[in-house]
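In what follows, a structure is listed as structure tokens, so that the remarks can point back to it.
Order of the sequence lines sets the chain letters (A, B, ...), proteins ahead of strands, with each chain counted from 1.
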Amino acid sequence: MAIDKVWVLAETAEGGGPTPVTLELLTEARAVGATVEAVTWGADAAALAGPVGEYGAGTLYDVGDLGGMLPGVPVAAALAALIEGGNAPEAILFPATYEGRDIAGRLSARLDKPVLTNVTGLVESDGGLSSQHPVFGGSHIVTARFTGSGPALFVVRAKSFAAEPSGGAAAAVVAAPVPDVATTNTAKVVERHVEERTGPKLDEAPVVVSGGRGLGEAGNYAMIEELAKLLHGAAGASRAIVDAGWVPYSHQVGQTGKTVKPTVYLACGISGATQHLVGMKGSKNIVAVNKDQEAPIFSVADLGIVGDVHKVLPALIEALKAKG
Amino acid sequence: MNVVVCVKQIPDPAAPGSLDPDTKTLDRSGKLIMDDSDNYGVEMALQLASGDGDEVTLVSMAPNGETSGLRTGLAMGAAKAILVSDEALAGSDALGTAKVLAAAIARANPDLVVMATESTDGYTGTLPVQVAELMGLPSVTFAKAIAVDGSSVKVERQTESGYDEVQCPMPAVVTVTAGVVEPRYPSFKGIMAAKSKPVDNLSVADLGIDASQVGAAGAGQEITDVSEAEARTAGEIVVDEGDGAQRIVAFLEQLKVV
Ligand SMILES: Cc1cc2nc3c(=O)[nH]c(=O)nc-3n(C[C@H](O)[C@H](O)[C@H](O)COP(=O)(O)OP(=O)(O)OC[C@H]3O[C@@H](n4cnc5c(N)ncnc54)[C@H](O)[C@@H]3O)c2cc1C
Ligand SMILES: Cc1cc2nc3c(=O)[nH]c(=O)nc-3n(C[C@H](O)[C@H](O)[C@H](O)COP(=O)(O)OP(=O)(O)OC[C@H]3O[C@@H](n4cnc5c(N)ncnc54)[C@H](O)[C@@H]3O)c2cc1C
């Protein structure tokens, strides 16, 4: 064991239960720490006690219902209060999600401790923890560590670790109330808009079919959706076509989007910019279709087709339909 | 309304990056340009602060008195800029940078602070909330649309499954994603005007910050190793002769995906 106590920020998935990255972080926390505890928030936070216990957390700190306020300020304040109350862990693992980054950043400034972000690995060193970070699009790995006293704050990318249950009992739920943060806790969600999704989730699908600017126009994304459906997979996208408004952000793969590791990743009309590659390079098999032989996506492809998406994709759809 | 936009000046991302062999931090010695991510923030701010008496101020921390990236933002239409440049700042981590930016931003007395969700070169994505916490301000990250409504901002904030409408009183920090607006190109007139717009040059001491809090001295972290990642080897690359689709099907069959 590198260290004694590790906390994991546990998030509730849309529709209930812990998010996959929560379970990944708990599993890794068990590998590096003697004691694992989780922190969460929300109206039904206690419902996570069973699953987080099953992945190794002995205690679940419950910040409670936030009344629609964005979590960054209140959850960081509750964590700081726990720590200042004498209950400090050596390290805290945050998922690299919207709320994870906000909470880690707020807590960092509150505690006057730095935060290491974009972490994809943790290693023991000199009785402490060092973190690994892919840089330059993943061509190099930087190892970093904290020089001061803890807690060490790490923001970890999804899919960095494989989740495995420990078979532990449900975690004991302990209330972690929000101290007075009236002046900063003022950003409130007034309405939620949830996009409908059919088929598997992008970051859990066994097959991901992604489209990029090479599709030419928004309407051609229908080919990507049809292929995804035929392969029982999910449809992804490069940032270029998300920014252009062709598809919603929830489809984006890459540094600022989702990390995916499917059995097959099919990249269509995507150049393979480093920021795209970091999100999909871990796929087991990569197939790319691009008309430019020099496109960087071919450097990571197991099968590369130098060709026009407008010819290859319709033929592929026909062939898959014919197979039934 | 006073809007501050933080503008990071970075090495050209098109040129291959390199790490300084001694400090293992990013080599920032060459010419710097405005981070493309901040294009969106500058444009958003100019659109929000387009009324009489409204003003957009740019704030940047960069080595060697670098202003070329700031000139780009000034050419787009910002009124003035604050630049913090000081040898003591070399090797700053995100929290150290946040301390400097928070002190510099406070000088402009903003109603709204706009930053990018994450920078292109460091991409920690934590700096804006660190600034907000240090300044005692609320924050809304990942904005894909912003509107000012009296004394508050209304933000469409990206979420895992769509977006949330968030209401937040000003002053506040908001981070924008690419695509929030279509950035304008600076006009020739704008480029000429930018040359004479005021840039306030500040040192760490000017901001009343203790030099031991920032730069490599204040950074509570260090890089211990840089190594090459295991490379993924390229497989079979073939030119489509009308058989491309069949080759993909055969590949998928062999993996038992179809
Ligand atoms: C801070 C930051 C974060 C970023 N995060 C992400 C991220 O999370 N995800 C992401 O994807 N990007 C991200 N990017 C953007 C990234 O740098 C690229 O701009 C983007 O990935 C390019 O998308 P693209 O491949 O669709 O478009 P392009 O680079 O324009 O490539 C289009 C490709 O299509 C090919 N093509 C054109 N026509 C055809 C045809 N008829 N048939 C076949 N091929 C054709 C072209 O040869 C080309 O290779 C980020 C950038 C920054 C600065
Ligand atoms: C590959 C790499 C990895 C790094 N990892 C870490 C890490 O894990 N932890 C850490 O503490 N530091 C890290 N750093 C250092 C960090 O990038 C710098 O301290 C940087 O000055 C601030 O962080 P950022 O650019 O990542 O901020 P982000 O949070 O990504 O920046 C968000 C936005 O804040 C604004 N902004 C950021 N910096 C400035 C500036 N200097 N002037 C004006 N506006 C600005 C811009 O609008 C920017 O888009 C890393 C640097 C590199 C090159």
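Between A:Lys258 and B:Glu160 there is a salt bridge, since a side-chain N of the basic residue sits under 4.0 Å from a carboxylate O of the acidic one. Between B:Asp225 and A:Arg145 there is no salt bridge, since no side-chain N of the basic residue sits under 4.0 Å from a carboxylate O of the acidic one. Taking 4.0 Å as the cut-off between side-chain N and carboxylate O, B:Arg157 and A:Asp102 count as a salt-bridged pair. Between B:Glu118 and A:Arg101 there is a salt bridge, since at least one side-chain N of the basic residue sits less than 4.0 Å from a carboxylate O of the acidic one. A salt bridge does not link A:Lys291 with B:Asp240: every distance from a Lys NZ or Arg NE/NH1/NH2 to an Asp or Glu carboxylate oxygen is 4.0 Å or more.
If you measure heavy-atom distances from B:Ala132 to chain A, the contacts under 4.5 Å come from both the backbone and the side chain. Only the side chain of B:Lys99 comes within contact range of chain A, with heavy atoms under 4.5 Å apart. Looking at B:Val257, the atoms closer than 4.5 Å to chain A (heavy atoms on both sides) all sit in the side chain, from C-beta outward. For B:Leu127, no part lies under 4.5 angstrom from a heavy atom of chain A. Contact of B:Ser152 with chain A is not made at all, since no heavy-atom distance falls under 4.5 Å.
Expressed to the nearest 0.5 Å, how far CG of A:Asp302 lies from CD1 of B:Ile237 amounts to 9.0 Å. Rounding to the nearest 0.5 angstrom, the gap separating the CD1 atom in B:Ile223 from the OG1 atom in A:Thr143 is 9.0 Å. The distance from the CD atom of A:Glu195 to the OG1 atom of B:Thr159 is 7.0 Å, given to the nearest 0.5 Å. Considering OH of B:Tyr123 and OG1 of A:Thr117, their distance stands at 8.5 Å, rounded to 0.5 Å. In this structure, CG on A:Leu303 lies 8.5 Å from CG on B:Leu252, to the nearest 0.5 angstrom. To the nearest 0.5 angstrom, B:Tyr40 atom OH is 5.5 Å from A:Asp243 atom CG.
The main-chain N or O of A:Lys281 is found under 3.5 Å from a side-chain atom of B:Arg232 such that the two form a donor-acceptor pair. In this structure a side-chain-to-backbone donor-acceptor pair under 3.5 Å is missing from A:Thr184 to B:Leu137. At least one donor-acceptor pair closer than 3.5 Å links the side chain of A:Thr147 to the backbone N or O of B:Gly220.
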Please lay out, stage by stage, how B:Gln130 and A:Arg106 fare under the test side-chain contact (heavy atoms from CB on, under 4.5 Å). CA-CA 5 Å; B:Gln130 288 169 326; A:Arg106 287 269 174 188; over 6 Å; no

Yes or no on side-chain contact (heavy atoms from CB on, under 4.5 Å) for B:Thr141 and A:Tyr98, after CA distance, side-chain angles and deciding distance? CA-CA 8 Å; B:Thr141 50; A:Tyr98 301 90; 5.6 Å; no

Kindly determine whether B:Val238 and A:Val306 satisfy side-chain contact (heavy atoms from CB on, under 4.5 Å), including the steps that lead there. CA-CA 6 Å; B:Val238 291; A:Val306 182; over 6 Å; no

Yes or no on side-chain contact (heavy atoms from CB on, under 4.5 Å) for B:Leu95 and A:Val115, after CA distance, side-chain angles and deciding distance? CA-CA 8 Å; B:Leu95 183 58; A:Val115 44; over 6 Å; no

Pair B:Ser161-A:Arg192, side-chain hydrogen bond (donor to acceptor under 3.5 Å, both in side chains): steps then yes or no: CA-CA 10 Å; B:Ser161 51; A:Arg192 316 206 66 192; 5.4 Å; no

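In terms of non-hydrogen atom pairs under 4.5 Å with chain B, the most contact-rich of A:Leu116, A:Leu230, A:Thr183, A:Thr263 is A:Leu116. Of all the listed residues (A:Leu107, A:Asp112, A:Val207), the one sharing the greatest number of non-hydrogen pairs under 4.5 Å with chain B is A:Asp112. The most heavy-atom pairs under 4.5 Å with chain B, out of A:Ser108, A:Gly148, A:Ser250, come from A:Ser108. Note on A:Ala315, A:Ala319, A:Ala301: by heavy-atom pairs under 4.5 Å with chain B, the leading option is A:Ala301. Options B:Lys144, B:Gln213, B:Glu228 differ in how many heavy-atom pairs under 4.5 Å they form with chain A, and the most are formed by B:Glu228. Contact count against chain B (heavy-atom pairs under 4.5 Å) is highest for A:Lys188 among A:Lys113, A:Gln275, A:Lys188. Between chain A and the residues B:Leu134, B:Ile248, B:Val249, the largest count of heavy-atom pairs under 4.5 Å involves B:Ile248. Per-residue heavy-atom pair counts under 4.5 Å with chain B were compared for A:Gly307, A:Pro114, A:Pro248, and the maximum is reached by A:Pro114.
Between B:Tyr163 and A:His193, the ring planes are parallel. Angles under 30° get that label, and only those over 60° would be called perpendicular.
Evaluated for a side-chain contact (heavy atoms from CB on, under 4.5 Å) with B:Asp164, the options A:Val190, A:Val189, A:Val194 yield exactly one hit, A:Val189.
Heavy-atom neighbours of chain A within the stretch residues 167-183 of chain B, taken at a separation under 4.5 angstrom, comprise B:Gln167, B:Cys168, B:Pro169, B:Ala178, B:Gly179.
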